[in-house]
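Excluded from the calculations below are hydrogen atoms, water molecules and symmetry mates; all remaining heavy atoms, backbone and side chain alike, are included. In what follows, chains are A, B, ... by sequence order, proteins preceding strands, each numbered from 1.
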Protein chains: 2
Amino acid sequence: MVVSELSEQDVNRLFRALADATRRDIVRRTLVTDISVSQLADSYEMSFAAVQKHIAVLEEAHLVTKAARGRERMVRGNLDRIRQAQRLLDHFEELWRSRIDRLDSLLAEDSPATPDT
Amino acid sequence: MVVSELSEQDVNRLFRALADATRRDIVRRTLVTDISVSQLADSYEMSFAAVQKHIAVLEEAHLVTKAARGRERMVRGNLDRIRQAQRLLDHFEELWRSRIDRLDSLLAEDSPATPDT
DNA sequence: CTCTGATACAACCATTTGATTGTACGATAC
DNA sequence: GTATCGTACAATCAAATGGTTGTATCAGAG
């Protein structure tokens, strides 16, 4: 399994790519079925080039990949990146839990497991 | 339980707020311990006002809350929003699974459970 | 070969973002 | 009361974002 830590830049690009409704919609649709760039472009109330740019942003964030098929480029959603995003959020949850743990140990004893603060 | 659907705008703000390393760090730290605005500001290589703005972005995304304590404002991370973000990502995963399901039924029978497409 | 459909990409523009400095104000210390 | 600490907020600015149109390229149809 490729663990490959994401750089801060990568994480920035990942969340930023998700911070747009059109891009989220593209990800959803391409997770279900491969769709060509022009098919996607037809779906939105903006120019072809604008949709192309959104796809480019998603590609840089590795949320989608493109593969040539004839003269078309088929766009495919990449679930792995979604999962990496989930793992990032999981880490926040763990941090929060540590707060609770420390509170618990404070309540449990008078000299808890806080070594050398 | 408060389900309260997030609007597209809310989701945009949520992911955008997470798309910055300084802001992610603030969320992490304030999930573990309440910290004042000035304490946070001391930690980063930027002006007080810049940190204040980052906190404002996080507040608008409801990723942190502020509470007055004397003349300080204590910042506290809000795990619920993190969890809402996770749920949003879960939904992507479910969509992806539907693709697999459809593939499976295609492989299983010749006239599968695709009713009236 | 020529026409056309699908894509790529450059140039441009308005708006937003991320940072700065400076000013004002409320709460606490003295 | 006065000084000062912590915060808020306005004005400003460079860079990034999100959109546009126009031009070029590339693969397949006729």
Side-chain angles (χ1 to χ4, degrees), chain A residues 7-30 33-78 85, chain B residues 7-30 33-77:
Chain A
S7 72
E8 292 284 50
Q9 264 285 357
D10 290 336
V11 181
N12 290 353
R13 272 193 278 262
L14 176 53
F15 283 122
R16 161 151 308 175
L18 289 170
D20 179 279
T22 302
R23 290 198 290 260
R24 284 192 301 275
D25 195 59
I26 292 175
V27 171
R28 280 187 217 105
R29 294 179 58 191
T30 56
T33 319
D34 292 6
I35 316 181
S36 73
V37 174
S38 52
Q39 277 180 308
L40 283 168
D42 288 342
S43 317
Y44 306 104
E45 289 289 312
M46 66 185 76
S47 69
F48 180 86
V51 175
Q52 241 183 343
K53 279 201 193 180
H54 281 304
I55 295 172
V57 170
L58 290 170
E59 237 186 326
E60 283 174 35
H62 300 278
L63 279 164
V64 304
T65 55
K66 274 193 292 190
R69 200 183 68 181
R71 56 185 163 186
E72 293 175 303
R73 297 290 182 283
M74 304 306 288
V75 183
R76 166 176 305 209
N78 176 22
Chain B
S7 72
E8 292 285 49
Q9 265 284 359
D10 290 336
V11 180
N12 290 353
R13 272 193 278 263
L14 176 51
F15 283 122
R16 172 166 299 256
L18 289 170
D20 179 279
T22 301
R23 290 198 289 262
R24 284 192 300 275
D25 196 60
I26 292 175
V27 171
R28 281 187 216 105
R29 294 179 59 192
T30 57
T33 319
D34 291 8
I35 315 181
S36 72
V37 173
S38 51
Q39 277 180 306
L40 283 169
D42 288 342
S43 316
Y44 305 104
E45 290 288 311
M46 67 185 74
S47 69
F48 181 86
V51 176
Q52 239 182 346
K53 280 202 192 178
H54 280 305
I55 296 171
V57 169
L58 291 170
E59 237 186 326
E60 282 174 35
H62 301 279
L63 280 165
V64 305
T65 56
K66 274 192 291 189
R69 200 183 67 181
R71 56 184 163 186
E72 294 175 303
R73 296 289 183 284
M74 304 307 288
V75 182
R76 166 176 305 209

Chemist: Starting from P on dT7(D), measure out to CD on Glu72(B) and report it in whole angstrom.
Modeler: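 Between P of dT7(D) and CD of Glu72(B): 6 Å.
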Chemist: Find the distance Glu60(A):CD to dC9(C):P and express it as a whole number of Å.
Modeler: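 So the CD-P distance, Glu60(A) to dC9(C), works out to 11 Å.
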Chemist: Between Ile55(B), Asp20(B), Ile35(B), which is the residue that forms a side chain to side chain contact (heavy atoms under 4.5 Å, CB included) with Ile26(B)?
Modeler: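 Per the side chain to side chain contact (heavy atoms under 4.5 Å, CB included) rule, the option paired with Ile26(B) is Ile55(B), out of Ile55(B), Asp20(B), Ile35(B).
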Chemist: What string of B, S and - do you get for nucleotides 25-30 of chain D, 5' to 3', when a contact is any protein heavy atom under 4.0 Å?
Modeler: --BS--
Chemist: Distance from Met74(B) atom CE to Thr65(B) atom OG1, nearest 0.5 Å?
Modeler: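 Spacing of CE (Met74(B)) from OG1 (Thr65(B)) equals 11.0 Å.
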Chemist: Among all residues two or more places apart in sequence or in another chain, which pass the side chain to side chain donor-acceptor pair (under 3.5 Å) test with Arg71(B)?
Modeler: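 If we apply the side chain to side chain donor-acceptor pair (under 3.5 Å) test to Arg71(B), skipping adjacent residues, there are no hits.
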Chemist: With the threshold set at under 4.0 Å for non-hydrogen atoms, list the residues of residues 33-42 of chain B touching DNA chain C in residue-number order.
Modeler: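 Residues of residues 33-42 of chain B under 4.0 Å from DNA chain C: none.
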Chemist: What pairs of donor and acceptor atoms, side-chain ones from residues 37-52 of chain A against any protein atom, are under 3.5 angstrom apart with sequence neighbours left out?
Modeler:
| residue | atom | partner | partner atom | Å |
| --- | --- | --- | --- | --- |
| Ser38(A) | OG | Ser36(A) | OG | 3.4 |
| Gln39(A) | OE1 | Ser36(A) | N | 3.1 |
| Gln39(A) | OE1 | Ser36(A) | OG | 3.3 |
| Ser43(A) | OG | Arg29(A) | NH1 | 2.7 |
| Ser43(A) | OG | Arg29(A) | NH2 | 3.4 |
| Ser43(A) | OG | Gln39(A) | O | 3.2 |
| Ser43(A) | OG | Leu40(A) | O | 3.2 |
| Tyr44(A) | OH | Asp25(A) | OD2 | 2.6 |
| Ser47(A) | OG | Ala50(A) | N | 3.1 |

Chemist: Taking side chain as C-beta onward, heavy atoms only, is Thr30(B) less than 4.5 Å from Arg76(B)?
Modeler: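 SC-SC contact between Thr30(B) and Arg76(B) ruled out.
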Chemist: Ignoring hydrogens and angles, write down the donor-acceptor pairs under 3.5 Å from the side chains of residues 8-15 of chain A, residues two or more places apart or on other chains.
Modeler:
| residue | atom | partner | partner atom | Å |
| --- | --- | --- | --- | --- |
| Glu8(A) | OE1 | Arg24(B) | NH2 | 3.1 |
| Asp10(A) | OD2 | Ser7(A) | N | 3.2 |
| Asp10(A) | OD2 | Ser7(A) | OG | 3.2 |
| Asn12(A) | OD1 | Arg24(B) | NH1 | 2.9 |
| Asn12(A) | OD1 | Arg24(B) | NH2 | 2.8 |

Chemist: Within the 4.5 Å heavy-atom criterion, are Val75(A) and Asp34(A) side-chain neighbours or not?
Modeler: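 Result no, sub-4.5 Å side-chain heavy-atom pair not found.
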Chemist: Are Glu59(B) and Lys66(B) close enough that some pair of their side-chain heavy atoms sits under 4.5 Å apart?
Modeler: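 They are in contact (side-chain heavy atoms under 4.5 Å apart), so the answer is yes.
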Chemist: In the structure I gave you, are the side-chain heavy atoms of Leu18(B) and Arg23(B) within less than 4.5 Å of one another anywhere?
Modeler: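 When only atoms from C-beta onward are counted, Arg23(B) and Leu18(B) do not touch, as no gap falls below 4.5 Å.
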Chemist: In whole angstroms, how far is the P atom of dT17(C) from the CD1 atom of Ile55(B)?
Modeler: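 Atom-to-atom, Ile55(B) to dT17(C), this comes out as 18 Å.
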Chemist: Treat primed atoms plus P, OP1 and OP2 as sugar-phosphate and everything else as base, then score nucleotides 9-19 of chain D 5' to 3': B for base contact with protein heavy atoms under 4.0 Å, S for sugar-phosphate contact only, - for none.
Modeler: B-B----SSSB
